[in-house]
Amino acid sequence: MSTPPPITFTVVARDGNARAGLLTTRRGVIETPVFMPVGTAGTVKATRFEALESPELDARIILGNTYHLWLRPGIETIKSCGGLHRFIGWDRALLTDSGGFQVWSLGALRKITEEGTEFRSHVDGSLRFLSPEVSMEVQAELGSDIVMAFDECAPADALAEDSRRSMELTARWAQRSRAKFDTLQSEGVDTGRRDDAGALSGAQALFGIVQGGAHLDLRKESLSRTVQIGFDGYAIGGLSVGEEKSVMWDVVGEVAPEMLANQARYLMGVGTPEDLVEGVARGIDMFDCVLPTRNGRTGQAFTSHGKVNVKNAQWALDTRPLDESCGCGVCRRHSRAYLRHLYMSGEMLASVLLTHHNLAFFLDTMRRVRQSIRSGDFMKFRREFTERLSASGD
RNA sequence: UCCGCAGUAGCUCAAUGGCAGAGCACUCGGCUGUUAACCGAGGGGUUGUAGGUUCGAGUCCUACCUGCGGAG
């Protein structure tokens, strides 16, 4: 009985550097380029799983976060409830971030050493230690389908010297992540395998992460060192952390085309609708971002003609939908006036409806991106999509 | 009718006789591997009215107006 590879990636169409592909995980096929909604604490905030599965959204894969789930409810709870999929009631693919991003985002609460990172828990103030080994162990126990290596995300404005030190630490942590991950797989710690039911036999996949800040030479070195270790897919991390947009596209434009052609390329934490299309144009296959969910909760809608700030008084009597050309349930049923009323009243339905629309817009945009690549019209799509975004149809 | 208490931003309230503020509300902005139903900025005033004391009054004095409580 041979074990199938944890993940396979097949490119089915190209248009310039853009590619349409099929990413096959043990929990189903994911058409790429794909946007992955972020579900940090075991929930895509303000969204029901039924909605994520509905044809309208049809999210094939969502994120979970190692650091946050490890702190609360704690890995013992999730393990005893059968792993993350069973715990949250989601049977499609899950990707877990390693906690590496929290090394950066919780800067004031942590201390980095060669061994790992010491965090002061924001939940109860306790001291917690996260390392490549701990992160791999937690992610195995969560049973996610794609595991991310434990990396260090350096500040956007880091000098070359600091970026190098950070990139080299990430490389050593990548090696340790790989080793620990392999051990855990052979020990069968992965709770997502479900051998008993026979429904799933595949193993978890492990992705490596390219770092190096804004320095292209460091990025290239990081890529070659990461590839040398060998992973099931590769991510570009450490972008969209405050740097100029031109810096991000310089890095992506330089790194993405040099990444292995037969494996998935994941641009972590990006981005706006325009960023997604621009990333695809440079050869990226996978994206995740909190923008559709977070901004939905804070009163901002993404539409085909740009951003709509639902809070603005000018919508108070506006009976139009958020986006005339959006077919989502929120746009079919509700006016800007009503959504503004809900937001201004502090009603939780405002978060639910705006998040739904934003996710629908992001996921539909990616559907159209995939189709345009398959039909060879991606460049035309990119131009028209971008022009319309800045046209402001208010 | 008398006694007491209170009148300050749209609302609830601050301000030893020394530059009239806060929270909420409102208006606008931000948010990119979520410490975020969050964060930031802005506009808002004849301090109930009329006098007086004082170098200087939201603050002290007098009268009046309004509200609340008590007595009769």
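In what follows, chains carry the letters A, B, and so on, assigned in the order in which the sequence lines appear, proteins first and then strands, with residues in each chain numbered from 1.
Spacing between B:G58 and B:G21 at atom P, rounded to whole Å, works out to 13 Å. Annotation: B:C55 and B:C11 have their P atoms spaced 37 Å apart (nearest Å). With both ends at atom C1', the span from B:G44 to B:U8 equals 14 Å, rounded to whole Å. Spacing of P atoms, B:U16 relative to B:C61, comes out at 16 Å, to the nearest Å. B:G70 and B:G45 have their C1' atoms separated by 34 Å, with the value rounded to a whole Å. Rounded to a whole angstrom, the distance from the P atom of B:G42 to that of B:C24 is 15 Å. Only the C1' atoms considered, B:U54 is 23 Å distant from B:G48, to the nearest whole Å. Comparing B:U12 with B:A25, their C1' atoms are spaced 11 Å from each other, to the whole Å.
Shown here, B:U16 forms no base pair; nothing in the strands shown gives a Watson-Crick or G-U wobble contact with both key distances under 3.5 Å. Judged by Watson-Crick or G-U wobble contacts below 3.5 Å, the nucleotide B:A37 has no partner. Figure legend. B:C5 is base-paired to B:G67; pairs are counted as Watson-Crick or G-U wobble with both atom distances under 3.5 Å. Pair assignment for B:G10 gives B:C24, based on Watson-Crick or G-U wobble hydrogen-bonding distances that are each under 3.5 Å. Across all strands shown, nothing is found opposite B:A57 as a Watson-Crick or G-U wobble partner with both distances under 3.5 Å. Remark: B:U46 base-pairs with no nucleotide; criterion is Watson-Crick or G-U wobble with both hydrogen-bond distances under 3.5 Å.
Protein atom CG of A:Leu239 is 11 Å distant from nucleotide atom C1' of B:G33, rounded to whole Å. Atom CE in A:Met36 sits about 17 Å away from atom P in B:U32, given to the nearest Å. Taking atom CG of residue A:Asn309 and atom P of nucleotide B:G40, one finds them 17 Å apart after rounding to whole Å. Taking atom CG of A:Asn312 as the reference point, atom P of B:A41 lies 19 Å away to the nearest angstrom. Per the geometry, NE2 belonging to A:His341 stands 15 Å off P belonging to B:A25, to the nearest Å. Rounded to an integer number of Å, the gap from A:Phe362 CZ to B:U32 P is 12 Å. Separating the CZ atom of A:Phe302 from the P atom of B:G30 is a distance of 11 Å, rounded to the nearest angstrom. Remark: C1' of B:U32 and CG of A:Leu359 are 14 Å apart, rounded to the nearest angstrom.
Remark: side-chain polar atoms of A:Gln204 are not paired, donor with acceptor, to backbone N or O of A:Thr191 under 3.5 angstrom.
Geometric assessment of A:Arg265 against the ring of A:Tyr234 yields a negative cation-pi assignment under the 6.0 Å and 45° thresholds. Annotation: cation-pi pair A:Arg336/A:Trp315 present, NZ/CZ under 6.0 Å from the ring centroid and within 45° of its normal.
Of the candidate nucleotides B:U32, B:G29, B:C26, B:U32 has the atom nearest to the side chain of A:Asp275.
Between A:Val103 and A:Glu152, the shortest heavy-atom contact is CG1-CG, 4.0 Å.
Here A:Gly296 lies out of heavy-atom contact (under 4.0 Å) with every strand. Note on A:Gln211: a base of the nucleic acid sits closer than 4.0 angstrom, heavy atoms only. Nucleic acid contact for A:Arg128: none, since no nucleic acid atom lies under 4.0 Å from a heavy atom of the residue.
Ion pairing of A:Arg172 with A:Glu114 is present here, as a side-chain N (NZ or NE/NH1/NH2) and a carboxylate O approach within less than 4.0 Å.
In the model, A:Asp151 has a side-chain atom that pairs as donor or acceptor with a side-chain atom of A:Gln211 under 3.5 Å.
Heavy-atom contacts from other residues, nucleotides or ligands closer than 6.0 Å to CD of A:Glu258 number more than 12.
A:Met167 belongs to a hydrophobic cluster with A:Leu218, counting contacts under 4.5 Å between side-chain heavy atoms of Ile, Leu, Val, Met, Phe, Trp and Tyr, direct or through other members.
Residue side chain A:Glu152 does not reach the base of B:G33 through any donor-acceptor N/O pair under 3.5 Å, judged by distance alone.
A:Leu353 is listed as a side-chain neighbour of A:Leu339, based on a closest heavy-atom distance under 4.5 Å.
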Indicate for each nucleotide in nucleotides 34-39 of chain B, in 5' to 3' sequence, whether protein heavy atoms under 4.0 Å reach the base (B), only the sugar-phosphate (S), or nothing (-). BBBSB-
